K.L.:
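Dropping a structure here in structure tokens format, bear with me for questions.
Treat the numbers as computed from the prediction; the structure is a model and nothing was measured. Just so it is clear: chains get the letters A, B, ... in the order the sequence lines come, proteins before strands, and each one is counted from 1.
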There are 4 protein chains.
Amino acid sequence: YGKNTIKFLRLHREGKKHFVKEVEVCTHLRLTSVHEYLDGNNSFVIPTDTIKNIVLVLAKKNGIPTLEQFAIDICKHFMTTFCQVAYVKTYVQEVPWQRLHENGVPHVHSFICVPDGIRFCEVEQCRNGPLVVFAGVKDLKLMKTTQSGFEGFYKNEHTTLPERNDRILCGELFCKWSYGECRDIDFDCTWNKIRECILEAFAGPPDCGEYSPSYQKTVNCIQMCILSKVPQVQIIETVLNNTFYNVVDMTNLCLTNNKEVLVPVETPYGSCACTLGRK
Amino acid sequence: YGKNTIKFLRLHREGKKHFVKEVEVCTHLRLTSVHEYLDGNNSFVIPTDTIKNIVLVLAKKNGIPTLEQFAIDICKHFMTTFCQVAYVKTYVQEVPWQRLHENGVPHVHSFICVPDGIRFCEVEQCRNGPLVVFAGVKDLKLMKTTQSGFEGFYKNEHTTLPERNDRILCGELFCKWSYGECRDIDFDCTWNKIRECILEAFAGPPDCGEYSPSYQKTVNCIQMCILSKVPQVQIIETVLNNTFYNVVDMTNLCLTNNKEVLVPVETPYGSCACTLGRK
Amino acid sequence: YGKNTIKFLRLHREGKKHFVKEVEVCTHLRLTSVHEYLDGNNSFVIPTDTIKNIVLVLAKKNGIPTLEQFAIDICKHFMTTFCQVAYVKTYVQEVPWQRLHENGVPHVHSFICVPDGIRFCEVEQCRNGPLVVFAGVKDLKLMKTTQSGFEGFYKNEHTTLPERNDRILCGELFCKWSYGECRDIDFDCTWNKIRECILEAFAGPPDCGEYSPSYQKTVNCIQMCILSKVPQVQIIETVLNNTFYNVVDMTNLCLTNNKEVLVPVETPYGSCACTLGRK
Amino acid sequence: YGKNTIKFLRLHREGKKHFVKEVEVCTHLRLTSVHEYLDGNNSFVIPTDTIKNIVLVLAKKNGIPTLEQFAIDICKHFMTTFCQVAYVKTYVQEVPWQRLHENGVPHVHSFICVPDGIRFCEVEQCRNGPLVVFAGVKDLKLMKTTQSGFEGFYKNEHTTLPERNDRILCGELFCKWSYGECRDIDFDCTWNKIRECILEAFAGPPDCGEYSPSYQKTVNCIQMCILSKVPQVQIIETVLNNTFYNVVDMTNLCLTNNKEVLVPVETPYGSCACTLGRK
């Protein structure tokens, strides 16, 4: 049980310059007791209202240096304060405020919301177990308009899909990875580096791109790129939900549509999920 | 990988009387091969477009006698047809069309959408393993305006919640259960019986209700009621996401608000999840 | 300017029997002053926080006998209390709680949310003008699986739609009507009567239905039915957003699909809006 | 009547470099005839399917040089082709794809979705009337963490809001403006200039900001800024839906919260709408 979507903004001021971190936090606990379920005896139950208070108090006291450190602080607090807690999990997601710029000059206290992929993290701990730290990005929508195909697949009497070597690849990416030993990780720097890996592996070189023979291979390329460039990452889970773009058949309208007008097929949509770790 | 939200309507006619089943289907596969990820070799990959075709063909051929039977048909088809499939999972969710009635007379071909809880099922199978059938209800919103409280909970310096013995209990229920041996189960009849158990255990007797000392206890009551009355059910997972109703303090407005005007607190919201099985 | 989505629950008790009305209220004002816009002088501005307080206070004092009466109360309050108000509009929408029944017996304090069409009303008034009362229903999803076609339409070189005399008609209805003289209207009874008109005009007789040659004609039938049966209604605005159901072509899959498997086309969707009044 | 959310992507290639425009189009017509409503005679009705075809054909033939020009093309086509059309309105909204950059180098065919405000336009025409062109931005979320207050407002017995001279101003902006004479307008350039006006007027100078005494004044500043800097704009409609941030009272938790931890109040939310034109 726990509290979901505890939304708040942590404002930090350095003179006239303001820094904002707006987050949504979900904190869930598993207790050692079962009396609340069986007998209605609540004596070990930490109210979800108290969970919310603790999250806000820790934000006030410690600030939010990084999402990951904040989630670690919350988990540690519950584990050390409440002996009835058997397991704690905290998820933190960021509202993507970016500082406004006017003619290249950063504004001291104005921000714009730019949701081009949402950063999140998750930290969990069992009593007597290690802290496990995950970080990730979700709702990252990417498209490449060529250098993608799907050929040589398995066919039988239910196959109607034609082979294609030049299609649009468009999808929403979810990537979540675990860190191994968490000491001395610069979580912000690492997260940004991983986001760059994702974009590079998806798009390929800027002047020509790189051919993707399937969603599966693209997912694998992203994962291999991260594992090779970011040694702190142990395991990566990736989900690519893809929107197919259908070339509109205009022969009835006496026109030849050379992949110029395409209609997105939002449902049903394909999904490709893969988890990859180090040996 | 697989195909999500394959939406379609299956229309069945008996003379002038029409019967509709509109569903959303998600079917996911895990293959024995990994070449599509590593080498871009797609020769074992069943396109998600083919998955969609197979779902539609099975709907055409077999109809949808029940959601569960339809999901079983899909899983069996993939397992028996494709030797490269290591695992298959199918989720089916129903659009809640109900037959219209005029002055108590059922209409032969007109329907209204009544989303008071969505019925779904999920069937999965590993190669050489048993078919596992789950069924459930989600988005079921219930409220009781008394006979609910929360007292005697754990308190420390971060506790600000007062004890209450007469609050509103309002929440959205998710219940998912597994069936044991699936032969000879009347899935429709059983699902309806379980829905009745949920409502009865939540509300208590119609003339007085039954006191709930916590969300946890209510969840447990629902699960115990189902396990005792429906022998086919093996394990039940229940999630109750609750909306707290805050009694508006009107003392500044020179009024005494005797729990007459309450404001729903939609975020953050509490959540209570429990899984219960038979011994 | 104003306050939107003021959500609250009004609980009324008669002994052990509880009655709930949960609503969302939006109240907007136009003031006679413009200084707040031009000079930042707020001296005539009623804060939206005060607007919210007034709505809650009126709910506490008067209850919510009907949505329409409550909206009338709010408008009258603002017009009579604040001479700087030039115009006031209040929209009230109901959360569709229905009393739970167990084996036909109504429960004293338990409710289930059944969103099969949302009831709303809107009341507006200009200073020195009459109160104008609208009521309506939205998000009412209806379907008929036959007795609908579309033929004889205008054709040119951009027409690819075939003529059909047996298609599925499925849509989401929005209906909003104005009442003339509001004295002595039983708003609940009238609203229920109009909802019945809508369902009857949409579906036709329960044993055979009635043929619809177009969305336009169905919309007109609904409006004519209401105007003929409910004399209090002056003008009706109706919007029918329709989802087209595409018969899946299964010839490539070696099957004949006799309108048994259909796929909903949710985007793009057609829309038909019409406003009809009495002569 | 008409067709809503016609979604498609228009791909334009210049050698290896690709340009994408993905849009949602809604086109509505009013006909001179009423027979389709009264008699079910569809002979003048242009099917919404044909409307969709025409939109796609125009995209294929003309491309989408700007949203506004494309909407103008559509309206002109309907007005000149169909004499039964009395009125036509077309709304076009853009999916915010941005070209990916790798180390500052633009990618030839890869894009990322960045929804920091959605660009749209609307064009309408009555038979024998002028084309009226509107453009706008919606879903633009902005925040300033100081230089905002609300004081000196009207007070009575229902007022509980305290005066504040240092609050967070956070809101979602909708701005829609009309162009006068449309010849020789560079729609892209003008739109970008207006977006900059909005950001500047909202935020004030980057080193210190500018004090906002109310939402109303901020809305007026935005409108005045646009009217003074962009002569092509005739009338501006602006809606600012604001999210209030509540400073969490931590005195019960033995902490002094100096506006460091704030909770967003998403419902109810205030709304301020104003339309301003030239004399």
K.L.:
Determine yes or no for a side-chain-to-main-chain donor-acceptor pair under 3.5 angstrom, with C:Asn42 supplying the side chain and D:Glu151 the backbone.
P.N.:
yes
K.L.:
According to salt bridge (Lys or Arg N to Asp or Glu O under 4.0 Å), who are the partners of C:Lys138, at least two apart in sequence or on a separate chain?
P.N.:
none
K.L.:
Shortest non-hydrogen contact from D:His158 to C:Thr50?
P.N.:
O-CG2, 3.6 Å
K.L.:
Decide yes or no for C:Leu38 and D:Asn220: does some side-chain heavy atom of the first lie under 4.5 Å from some side-chain heavy atom of the second?
P.N.:
yes
K.L.:
C:Thr160 and D:Asn53: side-chain donor and acceptor closer than 3.5 Å?
P.N.:
yes
K.L.:
Can you see which heavy atom on C:Gly40 is nearest to which on D:Pro213, and at what distance?
P.N.:
CA-CG, 3.8 Å
K.L.:
Give every residue pair that meets the salt bridge (Lys or Arg N to Asp or Glu O under 4.0 Å) criterion with at least one member in residues 37-53 of chain D, sequence neighbours excluded.
P.N.:
D:Asp49-D:Lys52
K.L.:
Which bit of C:Asn242 comes within less than 4.5 Å of chain D, counting heavy atoms only: side chain, backbone, both or neither?
P.N.:
neither
K.L.:
Would you please indicate yes or no on a ring centroid separation below 6.0 angstrom for D:Phe82 and C:Tyr154?
P.N.:
yes
K.L.:
With no hydrogens and no angle check, is any side-chain donor or acceptor of C:Asn4 less than 3.5 Å from a backbone partner on D:Ser271?
P.N.:
no
K.L.:
In chain order, what residues pass the salt bridge (Lys or Arg N to Asp or Glu O under 4.0 Å) check against D:Lys259, with sequence neighbours excluded?
P.N.:
D:Asp166
K.L.:
Evaluate the side-chain proximity of D:Ser43 to C:Phe153: yes if any heavy-atom separation is below 4.5 Å, no if none is.
P.N.:
no
K.L.:
Assess whether side chain to side chain contact (heavy atoms under 4.5 Å, CB included) is satisfied between D:Lys217 and C:Tyr37, documenting all intermediate values.
P.N.:
CA-CA 5 Å; D:Lys217 187 76 175 73; C:Tyr37 286 95; over 6 Å; no
K.L.:
Considering only heavy atoms from C-beta outward, does the side chain of D:Phe150 approach that of C:Val45 to under 4.5 Å?
P.N.:
yes
K.L.:
For C:Ser214 versus D:Glu36, what's the shortest heavy-atom pair and its separation?
P.N.:
OG-O, 3.8 Å
K.L.:
Considering heavy atoms only, which positions within residues 86-94 of chain D lie below 4.5 Å of chain C?
P.N.:
none
K.L.:
Just wondering, more than 12 heavy atoms not from D:Lys61 lying within 6.0 Å of its NZ?
P.N.:
no
